[in-house]
Amino acid sequence: MNQFPSSLEAIPIAVPDREAIAQMPLFERLRLDQISVVADAAAAARARPFLLTAAALGFDTESKPTFKVGEASTGPHVVQLASREHAWVIVLHDEAARALAAELLIAPQIVKAGFGLSDDIRFISRKLEIEPQGVLDLITPFRARGYRKDMGVKSAVALLFGQRFLKSKKIATTNWANPRLTSAQIVYAANDAYAAMRVYEALGLASS
């Protein structure tokens, strides 16, 4: 149940700590059959009508990690977007996939909601040579409701749903520049965007 304060001036509910979150039931993630990988022109053509008619989508990116001091990131290598029922993992090595990602990110009528997006936007702007529009960092509405510490997806899911959102550091630091992603990478990426979409809805932003 969503017990989040409806008023912007309401006193915030305390964010659960790690120990409390560890005892919560798992957040139900999207399955592999609820995720589409967009890595060629045909997949981009199939995804385009669904994505461009959405009012809002959960949004995140993934980049190949850098480990050496001074090493410049070539990411992001993946853009993930999610509705309430489905997610699309767009692999940016493909020209048609990149074009679709750019088209979506510059569409002002589509809200792209995610957590901690400043670096994502900076790097995707550079990579795709675009100026993203309609992007909502979910940290902002949490701050408006009195939360002074930046809210991450795990804390937000615990606060709003009383559930534990799994994030694997091992998968997060895999090579996202590979043209063919593993099933584990696909599920990880998709559910980051999906959780953001669920939080966006739970905050009442979809109807505001």
Side-chain angles (χ1 to χ4, degrees), residues 2 4 27-63 75-118 120-142 153 156-157 160-161 165 176 179 181 183 185-208:
N2 176 16
F4 201 80
F27 176 81
E28 186 173 351
R29 304 189 301 168
L30 291 179
R31 306 179 308 272
L32 195 59
D33 63 351
Q34 295 172 292
I35 304 165
S36 296
V37 177
V38 180
D40 56 37
R46 288 192 299 270
R48 188 175 182 275
F50 294 99
L51 291 167
L52 284 174
T53 55
L57 295 163
F59 166 59
D60 200 7
T61 72
E62 304 295 341
S63 299
H77 301 97
V78 175
V79 168
Q80 56 264 39
L81 297 154
S83 70
R84 185 62 172 76
E85 297 86 18
H86 200 86
W88 293 262
V89 176
I90 304 175
V91 183
L92 298 180
H93 74 86
D94 178 78
E95 183 178 353
R98 284 198 306 274
L100 176 61
E103 184 178 11
L104 291 163
L105 289 170
I106 64 173
Q109 76 278 13
I110 305 172
V111 177
K112 279 76 65 173
F115 286 92
L117 296 178
S118 58
D120 301 75
I121 295 305
R122 180 161 55 91
F123 290 131
I124 200 72
S125 298
R126 179 192 66 191
K127 179 143 188 165
L128 298 182
E129 299 181 336
I130 59 170
E131 293 186 13
Q133 304 292 322
V135 175
L136 172 64
D137 195 321
L138 290 168
I139 290 173
T140 301
F142 275 104
V153 64
V157 167
L160 293 171
F161 307 122
F165 182 71
W176 294 97
L181 300 177
S183 295
Q185 285 178 308
I186 293 166
V187 171
Y188 176 97
N191 278 287
D192 267 359
Y194 174 66
M197 183 60 187
R198 292 287 308 279
V199 169
Y200 173 81
E201 290 182 327
L203 290 175
L205 299 171
S207 57
S208 62

Which heavy atom of [X] sits nearest to which heavy atom of [Y], and what is that distance?
{"X": "Leu30", "Y": "Gln34", "value": "CA-OE1, 3.4 Å"}
{"X": "Ala82", "Y": "Ala87", "value": "CB-CB, 3.8 Å"}
{"X": "Pro76", "Y": "Leu92", "value": "O-CD1, 3.4 Å"}
{"X": "Phe115", "Y": "Ala196", "value": "CE1-CA, 4.1 Å"}
{"X": "Val153", "Y": "Ala195", "value": "CG2-CB, 3.6 Å"}
{"X": "Trp176", "Y": "Glu62", "value": "CD2-CB, 3.5 Å"}

Taking ring-ring contact (aromatic ring centres under 6.0 Å, His included) as the definition, give me every residue that meets it alongside Phe165, ordered by chain and number, with sequence neighbours left out. Phe27
[X]: what forms a side-chain contact (heavy atoms from CB on, under 4.5 Å) with it, not counting sequence neighbours?
{"X": "Ala42", "answer": "Asp40, Arg46"}
{"X": "Ser36", "answer": "His86, Trp88"}
{"X": "Ser125", "answer": "Ile121, Pro132"}

Just by modelled atom types, is the Gln80 backbone N or O under 3.5 Å from a matching donor or acceptor in the Asp60 side chain?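 Side chain of Asp60 to backbone of Gln80: no pair is present.
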Side chain of Gln133, backbone of Glu131: donor and acceptor closer than 3.5 Å? yes
Is any side-chain heavy atom of [X] closer than 4.5 Å to a side-chain heavy atom of [Y]?
{"X": "Val38", "Y": "Val79", "value": "no"}
{"X": "Leu203", "Y": "Leu138", "value": "yes"}
{"X": "Leu105", "Y": "Phe59", "value": "yes"}
{"X": "Leu128", "Y": "Ile124", "value": "yes"}
{"X": "Leu104", "Y": "Leu52", "value": "yes"}
{"X": "Arg198", "Y": "Val157", "value": "no"}

Show your working on side-chain contact (heavy atoms from CB on, under 4.5 Å) between Phe123 and Thr61 and close with a plain yes or no. CA-CA 10 Å; Phe123 290 131; Thr61 72; over 6 Å; no
Residues two or more places apart in sequence or in another chain: which of them pass salt bridge (charged side-chain N to carboxylate O under 4.0 Å, His left out) with Asp192?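 Listed in chain order: Lys167.
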For the atom pair [atom1] ([X]) and [atom2] ([Y]), what is the distance rounded to the nearest 0.5 Å?
{"X": "Glu85", "Y": "Met197", "atom1": "CD", "atom2": "CE", "result": "8.5 Å"}
{"X": "Ile90", "Y": "Leu51", "atom1": "CD1", "atom2": "CG", "result": "6.0 Å"}
{"X": "Leu181", "Y": "Ile186", "atom1": "CG", "atom2": "CD1", "result": "5.5 Å"}

Taking side chain to side chain donor-acceptor pair (under 3.5 Å) as the cut-off, I'd like each qualifying pair that reaches into residues 90-117, sequence neighbours left out, listed once.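 Those involving residues 90-117 are Arg48-Glu103.
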